[in-house]
Trainee: 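Input: one structure, supplied below.
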There are 2 protein chains.
Amino acid sequence: MDRSQPDHLKNAGLKSTVPRLKILSLFELGQERHMSAEDVYKHLLASGDDVGLATVYRVLTQFEQAGLLARHYFEGGKSVFELNHGKHHDHIVCLQCGHVEEFYDAAIESRQKKIATERGFAVHDHSLHIYADCVKKNCPHKR
Amino acid sequence: MDRSQPDHLKNAGLKSTVPRLKILSLFELGQERHMSAEDVYKHLLASGDDVGLATVYRVLTQFEQAGLLARHYFEGGKSVFELNHGKHHDHIVCLQCGHVEEFYDAAIESRQKKIATERGFAVHDHSLHIYADCVKKNCPHKR
DNA sequence: TTGCAAATGAGAACTATTATCATTTATAAA
DNA sequence: TTTATAAATGATAATAGTTCTCATTTGCAA
């Protein structure tokens, strides 16, 4: 059975407060899959909910720690968050329009683990970002 | 025949000034391979050369554009630079001590290209960072 | 309902980086 | 060589992204 949002929060050990519920539903119901803190803040303002920017940052970090969201560091420095659907994946980022596409490749994953292990590292996580132009698509997204 | 530093700069279309020569030799002769702007600045101060922080940032960016240095964005937000020895490679970063190790894997490279191409992207570049603990080594480097 | 720890919001503070601008410097021409 | 000048530099202000502080508010358990 599927869970209501307050349950998601409770399971994560977080009180279900108004700002947290709004931010979570932005990710669960909203149109954008990858959002920076600023993006989230603007969406909330636009829909008349006023949540402080500091709260947005705090909540995003808490959600990341709780495993509800995944944080990515793309070129340019700012963090971007997305709903953590459990399945690990990597990203292709369009340099023209900023559009993000996900992919998963078992061969790459296993070679990464092998390489790190051979060298005596215990892998925590990894990030693979391919920066490119989406030639076929004629960049439908504005940066 | 090998080139002197001023030649490196001249070839890159940059005047050979004192700050630029000092920064370049820090990378060519120094002990650290991967340095942030702050790292470079501190090393220069330590050796009595006083170069302004703004100049450090400017020069690092120019060197990057000229192909002398490569810039990497690791987790944590700040950029790290290394001498560009021409051969592309990826990185394993130790989360405990910040030590960076390089690797190259042809299989990963070719799969990346294949994946992006299949999806209609023209690859500019990519970054693959593995974040881990260097278990075997007992972290000889201080962060 | 009330009590209180936890959460929030406003704004200060902080970190990394870039921009501004008056002064200095490398270099090419005289 | 001197000199002219465009480019480079350094100090510092400004900016972007993010975290911290602290007084006020709120969720929730007794």
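Values below: all heavy atoms of this structure, side chains included; hydrogens, waters and symmetry mates excluded. Throughout, a chain's letter reflects where its sequence line sits, starting with A, and its residues are numbered from 1.
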Trainee: Closer to the 5' end of DNA chain C via nearest nucleotide, is it B/Arg71 or A/Val51?
Mentor: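 Final value for this comparison: A/Val51.
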Trainee: Rounded to the nearest angstrom, tell me the gap between atom CG in A/Asp49 and atom P in C/dT8.
Mentor: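 Rounded to whole Å, this separation is 14 Å.
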Trainee: Kindly say whether A/Tyr57 contributes a backbone atom to a donor-acceptor pair with the side chain of A/Thr61 at under 3.5 angstrom?
Mentor: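 Judged by distance alone, yes, a pair lies under 3.5 Å.
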Trainee: Looking at B/Phe103, B/Phe74, B/Tyr73, which one forms a ring-ring contact (aromatic ring centres under 6.0 Å, His included) with B/His129?
Mentor: B/Phe74
Trainee: If two hydrophobic side chains count as joined below 4.5 Å and joins carry through other members, does B/Phe81 share a cluster with B/Leu45?
Mentor: yes
Trainee: Using heavy atoms to find the nearest nucleotide of DNA chain C for A/Thr17 and B/Lys15 separately, return the residue whose nucleotide is more 5′.
Mentor: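 Looking at DNA chain C, the more 5' nearest nucleotide goes with A/Thr17.
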Trainee: Give the rounded distance in Å between these two atoms: CG of A/Leu53 and C1' of C/dT8.
Mentor: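 Atom CG in A/Leu53 sits about 13 Å away from atom C1' in C/dT8.
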Trainee: Would you please say whether a donor-acceptor pair under 3.5 Å links the side chains of B/Gln31 and B/His43?
Mentor: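 There is such a pair between these side chains.
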Trainee: Please determine if A/Arg33 and A/Glu102 form a salt bridge, counting it only when a charged side-chain N lies under 4.0 Å from a carboxylate O.
Mentor: yes
Trainee: Rounded to whole Å, how long is the line connecting atom CG of A/Leu21 with atom C1' of C/dA7?
Mentor: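 So the two atoms are 13 Å apart, to the nearest Å.
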Trainee: Nearest whole angstrom, please: distance from the C1' of C/dA7 to the CG of A/Leu60.
Mentor: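 The distance from CG of A/Leu60 to C1' of C/dA7 comes to 15 Å, rounded to the nearest Å.
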Trainee: Quick one about B/His89 and B/Glu82 (side-chain donor to acceptor, distance below 3.5 Å, no hydrogens or angles considered), yes or no?
Mentor: yes
Trainee: Checking all strands, does A/Arg58 fall into the base, sugar-phosphate, or nothing category for heavy-atom contacts under 4.0 angstrom?
Mentor: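 Contact class for A/Arg58: base.
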Trainee: Would you mind reading off the distance between A/Lys10 atom NZ and C/dA7 atom P, rounded to a whole angstrom?
Mentor: 14 Å
Trainee: Please give, in whole Å, the distance from C/dG9 P to A/Asp50 CG?
Mentor: 7 Å
Trainee: In residues 35-43 of chain A, what residues come within less than 4.0 Å of DNA chain C, judged by heavy atoms?
Mentor: none
Trainee: Could you tell me how the ring of A/His88 sits relative to the ring of A/Tyr104: parallel (under 30°), tilted (30 to 60°) or perpendicular (over 60°)?
Mentor: perpendicular
Trainee: Where does the chain A footprint on DNA chain D start and end, counting 5' to 3' with a 4.0 Å heavy-atom cut-off?
Mentor: D/dG17 to D/dC28
Trainee: Identify whether the distance between the nearest side-chain nitrogen and carboxylate oxygen of B/Glu109 and B/Lys113 falls below 4.0 Å.
Mentor: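 No salt bridge links B/Glu109 with B/Lys113.
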Trainee: Which atom names give the shortest non-hydrogen contact between B/Leu60 and B/Ala37, and what distance separates them?
Mentor: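 Taking B/Leu60 first and B/Ala37 second, the nearest heavy atoms are CD1-CA, 3.6 Å.
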Trainee: Please classify the nucleic acid contact of B/Thr55 as base, sugar-phosphate, or nothing, using heavy-atom distances under 4.0 Å.
Mentor: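 B/Thr55: base contact, heavy atoms under 4.0 Å.
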